[in-house]
There are 2 protein chains.
Amino acid sequence: MDAEPLLSVASPPLTPAVKRSLADDVVDRLRDAILHGSFKPGEALREEQLATMLDVSRGPVREALVQLEREGLVVVRRHRGATVARLSRGDLEEVYSLRLALERLAMLRAARYATDEDFAAMEAVMAAFDVALSRGPSEKEIAELDLRFHDLIYRAARHQRMYDCWSNLRSQIYIFLLLRNVANPDFRDVTIKAHADLLEALRARDEVLVATLIEEHLRGAYDRILESYTATEHASSGEAPSPTLI
Amino acid sequence: MDAEPLLSVASPPLTPAVKRSLADDVVDRLRDAILHGSFKPGEALREEQLATMLDVSRGPVREALVQLEREGLVVVRRHRGATVARLSRGDLEEVYSLRLALERLAMLRAARYATDEDFAAMEAVMAAFDVALSRGPSEKEIAELDLRFHDLIYRAARHQRMYDCWSNLRSQIYIFLLLRNVANPDFRDVTIKAHADLLEALRARDEVLVATLIEEHLRGAYDRILESYTATEHASSGEAPSPTLI
DNA sequence: CATCCTTGTATTGTCAACAATAATCAGTTA
DNA sequence: TAACTGATTATTGTTGACAATACAAGGATG
C-alpha cells in the first residue's frame with residue numbers, strides 16, 4: 001500500500017520488521033514494471049500470465065491489480081481483464097487539479113505541524129537533488145527526487161486519509177514528470193528554486209505564503225507538462241478540451 | 001465500487017444493465033449492516049463467518065473487506081483479520097478537513113460545468129427533503145438526503161478521481177451525520193437553508209461565493225458534530241486534541 | 001451480401017482445500 | 001508467583017480446480 005523510499009533519509013535505528021504479503025510484493029513489482037515501460041499503455045495484463053511470470057498464484061495477482069487500479073496505473077473491466085492505463089490530457093487535468101486541492105491542505109497543515117526532523121529530511125532531499133544534478137542525472141532520478149520532496153510535505157501534514165489520496169496519485173504524477181523531462185530540459189532550476197522557497201515558507205510557518213507558493217509551483221508544473229503533451233500529442237484521437245486547470 | 005442511491009431522483013430512461021460481481025453485492029450488504037449498526041465498532045469480522053452468513057465463499061468476502069477498508073468502515077490487519085472501524089474525534093477532523101479541500105474544488109468545478117439537469121436533480125433532492133420533514137423523518141432519512149445533495153454537487157463537477165475520493169469518505173460522513181442528529185435536533189433548518197444558498201450560488205456561477213458558502217457550511221457542520229462528540233465522549237480513552245479544523 | 005445465430009475458446013469469477021501465522025493456554029522453571 | 005517455553009487452535013494467506021462469461025469465428029438464413 002505504501003511505497004518505501006529507495007534511499008532512506010534520516011532512517012530510524014530499528015525498523016519494526018514488518019512482513020509483507022505476496023500481494024504487496026506483486027504490487028511493487030508490477031508497478032515498477034509499468035513505470036519502467038516493460039508494459040506499454042493499453043497492453044493487456046492477464047492474470048494467469050502475470051502469475052506465471054511472478055511465480056505466484058492468481059489470487060495475489062488479482063489483489064495487486066485492484067490496488068494498481070486505485071493508483072491509476074491499470075484499468076480493470078469485469079470479465080475483460082486488466083490493461084495498462086492510458087493517461088490522456090484529461091487525466092493530466094484531473095490529477096493536477098486534485099493534487100492542487102490536496103497539496104494546498106498539505107502545505108497548510110505542514111506549516112502548522114512540521115518538526116525540525118521533517119525540515120531536515122526535506123533539506124536532505126534537496127541536497128540529494130543538487131548532488132544528482134552535478135553528475136548528469138537520469139530523468140527517473142529527477143522525477144523520484146521531486147516526488148520524494150513532496151511526499152515529505154504530505155507526511156509532515158500528519159493526515160493519514162490525505163496521504164492515502166496522495167499515494168493514489170503519486171505513480172500517475174511520476175509518469176507525467178517523465179513526460180515533462182523529455183520535452184523540457186531546463187525545468188530543473190525552476191523546481192529546485194520552488195522547493196527551496198516552499199521549505200523556507202514552511203519554516204516561517206507562513207500559511208498565506210505557503211498556499212500561494214504551492215499554487216504557483218503546481219500550476220507551473222502543470223503548464224510545462226501540458227506543453228509536452230501538445231508537442232508530442234499522445235492521445236491522437238480528437239481530445240480537444242482541458243487546457244485550463246481547475 | 002459505486003453505491004447506487006436508494007431512491008433515484010431524475011433517473012435516466014434506461015440503465016445500462018450492468019451486471020455486478022458477488023464481491024460488489026457483499027460490499028453493499030456489509031456496508032448496510034455496519035451502517036445500520038448490525039456490527040458494532042471494534043467487532044471482529046471473520047471471513048469464514050461472513051462467507052457463511054452471506055452464502056458465498058471467502059474470496060468475494062475478502063475483496064469486499066478491502067473495499068470497505070478503503071471506505072474507512074473496516075480496519076484490516078495482516079493475519080489478524082478485520083474489525084469494524086472506530087471513528088474518533090481525530091478521524092472526524094481528518095474526514096472534514098479533507099472533505100473541505102475536496103468540496104471546495106467540487107463547488108468551483110460545479111459552478112463551471114453543472115447543467116440544468118444537475119440543478120433540477122439538486123432541487124428534487126431539496127424537495128424530497130421538505131417532504132420528509134413534513135412527516136417526521138428518521139435520522140437516517142435526513143442523513144441520506146443530505147449526502148445525496150452533496151453527491152450531486154460532486155457529480156456535477158465532472159471529475160472522476162475527485163468523485164472516487166468523495167466515495168471513500170461518504171460512509172464515514174454518514175456515521176458522523178447520524179451522530180449529529182441524535183444530539184442536535186434543530187440543525188435541519190440550517191442545512192436546508194445552506195443547501196438552498198449553495199444551489200443559488202451555483203446557478204449564478206459565482207466562484208467566489210460558492211467557495212465561501214461551502215466553507216461556512218462545512219465548518220458549521222463540523223462544529224455541530226464535534227459538539228455531539230464532546231457531549232457523548234465516544235472515544236473514552238484520553239484523546240485530547242483536534243478541536244480546530246484544518 | 002449482410003445479418004443473425006451457434007459454437008468454440010480464452011479469460012475472469014468463484015470456490016474449497018491446504019499452508020502459514022499469530023494468539024491462547026498449559027506446563028515448566030527460576 | 002511470575003516469566004518463559006512449547007503445543008494447540010482459530011484465523012488468515014495462498015493455491016489449483018471448476019464455473020461463468022465475453023469475444024471471435026464460422027455457418028445458416030433472409
Side-chain angles (χ1 to χ4, degrees), chain A residues 1-2 14-31 33-34 39-71 73-86, chain B residues 1-2 4 14-31 33-34 38-71 73-86:
Chain A
M1 290 301 182
D2 185 80
L14 272 178
T15 172
V18 58
K19 296 184 180 177
R20 296 152 46 82
S21 73
L22 267 186
D24 292 338
D25 271 332
V26 174
V27 166
D28 285 350
R29 291 203 273 169
L30 267 182
R31 187 197 295 111
I34 293 174
F39 297 106
K40 304 289 180 209
E43 187 170 346
L45 300 172
R46 280 182 291 279
E47 295 178 0
E48 187 71 50
Q49 162 199 335
L50 295 175
T52 305
M53 289 170 66
L54 298 167
D55 196 37
V56 294
S57 72
R58 275 179 53 214
V61 171
R62 244 180 113 74
E63 289 185 37
L65 289 174
V66 170
Q67 170 61 21
L68 291 174
E69 181 177 39
R70 300 223 151 100
E71 295 183 19
L73 292 181
V74 155
V75 177
V76 180
R77 289 186 304 171
R78 182 178 161 76
H79 271 298
R80 290 181 205 183
T83 57
V84 179
R86 300 176 179 277
Chain B
M1 291 303 179
D2 185 80
E4 203 61 28
L14 273 179
T15 173
V18 58
K19 297 185 179 177
R20 295 151 47 80
S21 72
L22 267 186
D24 292 337
D25 271 331
V26 174
V27 166
D28 285 350
R29 292 203 272 168
L30 267 182
R31 187 197 294 114
I34 294 174
S38 305
F39 297 106
K40 305 289 181 209
E43 186 170 345
L45 299 171
R46 280 182 291 280
E47 295 177 0
E48 187 72 51
Q49 163 199 335
L50 295 175
T52 305
M53 290 170 65
L54 298 167
D55 195 39
V56 295
S57 73
R58 276 178 53 212
V61 171
R62 244 180 114 74
E63 288 184 37
L65 289 174
V66 171
Q67 170 62 21
L68 291 174
E69 182 177 38
R70 280 201 73 73
E71 295 183 19
L73 292 181
V74 155
V75 177
V76 180
R77 289 186 304 170
R78 181 178 163 77
H79 272 298
R80 290 180 205 183
T83 57
V84 179
R86 298 176 179 278

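- Nucleotide D:dT11 holds its P atom 14 Å from the CG atom of B:L65, rounded to whole Å.
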(request) Sugar-phosphate means primed atoms, P, OP1 and OP2; the rest is base. With that split, encode nucleotides 13-18 of chain C 5' to 3' as B, S or - using protein heavy atoms under 4.0 Å. (result) BBB-B-

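- The backbone N or O of A:V76 lies less than 3.5 Å from a partner atom in the side chain of A:E69, making a donor-acceptor pair.
- No side-chain heavy atom of A:L30 sits less than 4.5 Å from a side-chain heavy atom of A:V74.
- Residue B:R46 contributes atom CZ, which lies 11 Å from atom P of D:dA10 at whole-angstrom precision.
- As rounded to whole Å, 16 Å separates atom P of D:dT14 from atom CG of A:L50.
- Using a 4.5 Å heavy-atom cutoff, the side chains of B:L68 and B:E71 are in contact.
- Contact check for B:R46 versus B:M53: no side-chain heavy atoms found under the 4.5 Å cut-off.
- Looking at heavy atoms from C-beta onward, A:K40 lies out of side-chain contact with A:V84 at the 4.5 angstrom threshold.
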